[in-house]
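Inspection log for the structure reproduced underneath, given as structure tokens.
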There are 2 protein chains.
Amino acid sequence: MKYSKATNYALHTMLFLAKQIPNKPMGVQQLAEMQNVSPTYLSKILTKLVKEGMINSVSGANGGYTLRHDWEDISFLDIIHAVEGKSSLFDCCLYNDPKCVIKEVMLSAEEKLENELRNRKISDLVKK
Amino acid sequence: MKYSKATNYALHTMLFLAKQIPNKPMGVQQLAEMQNVSPTYLSKILTKLVKEGMINSVSGANGGYTLRHDWEDISFLDIIHAVEGKSSLFDCCLYNDPKCVIKEVMLSAEEKLENELRNRKISDLVKK
DNA sequence: CTATTATGGACATATAAAGTCTTTTATTGG
DNA sequence: CCAATAAAAGACTTTATATGTCCATAATAG
């Protein structure tokens with residue numbers, strides 16, 4: 001079990017955008033170069049972020065991506081959910097027993113993970 | 001990101017063995033039937049558990065698998081590590097920056113997950 | 001209008017998980 | 001010792017998912 005590279009790229013992109021203080025859009029070309037990834041692939045990931053309302057996009061010359069207005073509220077969990085989806089990390093295989101005691105433990109652990117990720121904001125990493 | 005089915009099978013197998021109170025070995029055949037998985041595949045997973053010292057195996061007639069003597073100490077984390085390996089859930093892509101602030105956050109979240117999984121034992125689920 | 005930039009869909013490739021088959025090794029009961 | 005039983009090991013196939021490419025389309029600024 002590993003976080004995908006896509007999540008990695010998404011998180012770093014969000015941090016780049018957050019450090020780029022004013023509302024000047026950054027193009028995918030530039031963002032891709034900084035992360036050493038192909039622009040077309042990164043573009044697909046960023047489109048997910050747009051659809052989930054994490055960032056805004058502007059087509060055309062001097063276009064690119066900007067963070068949404070209330071970006072300071074965006075948590076790590078928000079970004080990860082936008083890229084990886086929101087389904088649980090564990091499903092019981094035994095006829096999908098809804099009362100599986102193992103599943104209960106696994107979900108409680110996942111909750112701890114999510115709580116931490118929910119409390120950490122991209123904006124916390126940008127304060128100078 | 002999902003836990004593998006292998007982890008699922010491993011956890012359920014450990015619970016089956018724990019409920020089978022005496023030291024009578026259970027064969028992979030029986031364990032596989034109960035979980036509706038092929039015996040050869042399950043066998044590979046159980047071999048990992050043997051190598052990591054979670055369970056003991058006995059070949060030959062009336063052989064099979066038993067929990068190790070101090071099985072009451074075995075945590076969910078132990079089992080998951082035996083099956084999925086111990087490497088971290090997140091690696092920074094940017095030239096593997098060791099001081100990546102994003103990585104720090106991700107690792108702290110992973111720690112919360114692991115703490116919970118370390119505190120939960122298979123034996124807790126078996127107390128009648 | 002044209003250059004620029006994001007979006008979308010259809011592919012292609014790579015990697016990992018899931019599962020099978022066969023042989024070998026170990027152990028027990030007779 | 002022998003035969004039946006059961007785990008271990010290796011090579012292999014299949015399936016699923018992540019990663020990545022290519023090209024056409026849509027939107028926008030100048």
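Since this is a predicted model, take the numbers as computed values, not measurements. A note on names: the letters A, B, ... follow the listed sequences, proteins ahead of strands, and every chain is numbered from 1.
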For A61(A) and T40(A), find the nucleotide of DNA chain C closest to each by heavy atoms; which residue's nucleotide sits nearer the 5' end? A61(A)
So, OP1 or OP2 of [N]: does either fall under 4.0 Å of a side-chain N or O from [X]?
{"X": "S4(A)", "N": "dA18(D)", "value": "no"}
{"X": "K48(A)", "N": "dA18(D)", "value": "no"}
{"X": "S57(A)", "N": "dT7(C)", "value": "yes"}
{"X": "K51(A)", "N": "dG8(C)", "value": "yes"}
{"X": "Y41(B)", "N": "dA9(D)", "value": "no"}

Name the one of T13(A), L49(A), V50(A) that satisfies side-chain contact (heavy atoms from CB on, under 4.5 Å) with Y65(A)? V50(A)
Rounded to whole angstroms, how far apart are [atom1] on [X] and [atom2] on [N]?
{"X": "L42(A)", "N": "dA6(C)", "atom1": "CG", "atom2": "P", "result": "10 Å"}
{"X": "N62(A)", "N": "dA6(C)", "atom1": "CG", "atom2": "P", "result": "11 Å"}
{"X": "M1(A)", "N": "dT15(C)", "atom1": "CE", "atom2": "C1'", "result": "18 Å"}
{"X": "E84(B)", "N": "dA18(C)", "atom1": "CD", "atom2": "C1'", "result": "13 Å"}
{"X": "N8(A)", "N": "dT19(D)", "atom1": "CG", "atom2": "C1'", "result": "13 Å"}
{"X": "L17(A)", "N": "dA6(C)", "atom1": "CG", "atom2": "P", "result": "11 Å"}
{"X": "K2(B)", "N": "dA17(C)", "atom1": "NZ", "atom2": "C1'", "result": "14 Å"}
{"X": "K24(A)", "N": "dA29(D)", "atom1": "NZ", "atom2": "P", "result": "15 Å"}

Map G60(A) and K5(A) onto DNA chain D by nearest heavy atom, then report which one ends up closer to the 5' terminus. K5(A)
Do the charged groups of R120(B) and E116(B) touch, with an N to O distance under 4.0 Å? yes
Any Lys/Arg nitrogen of D78(A) or R118(A) sitting under 4.0 Å from an Asp/Glu carboxylate oxygen of the other? no
Report the nucleotide, chosen from [options], that has the shortest atom-to-atom distance to any side-chain atom of [X].
{"X": "S43(B)", "options": "dA8(D), dT5(C), dG19(C)", "answer": "dA8(D)"}
{"X": "Y9(A)", "options": "dT7(C), dT20(C), dG20(D)", "answer": "dG20(D)"}
{"X": "V37(B)", "options": "dG19(C), dA6(C), dA9(D)", "answer": "dG19(C)"}
{"X": "K44(B)", "options": "dG9(C), dA7(D), dA9(D)", "answer": "dA9(D)"}
{"X": "S38(A)", "options": "dG20(D), dA18(C), dT19(D)", "answer": "dG20(D)"}

Inspect the surroundings of NZ in K112(A) and state if more than 12 heavy atoms from other residues, nucleotides or ligands are less than 6.0 Å away. no
In the single-linkage hydrophobic clustering (I, L, V, M, F, W, Y; side-chain heavy atoms under 4.5 Å), do Y41(B) and L17(B) co-cluster? yes
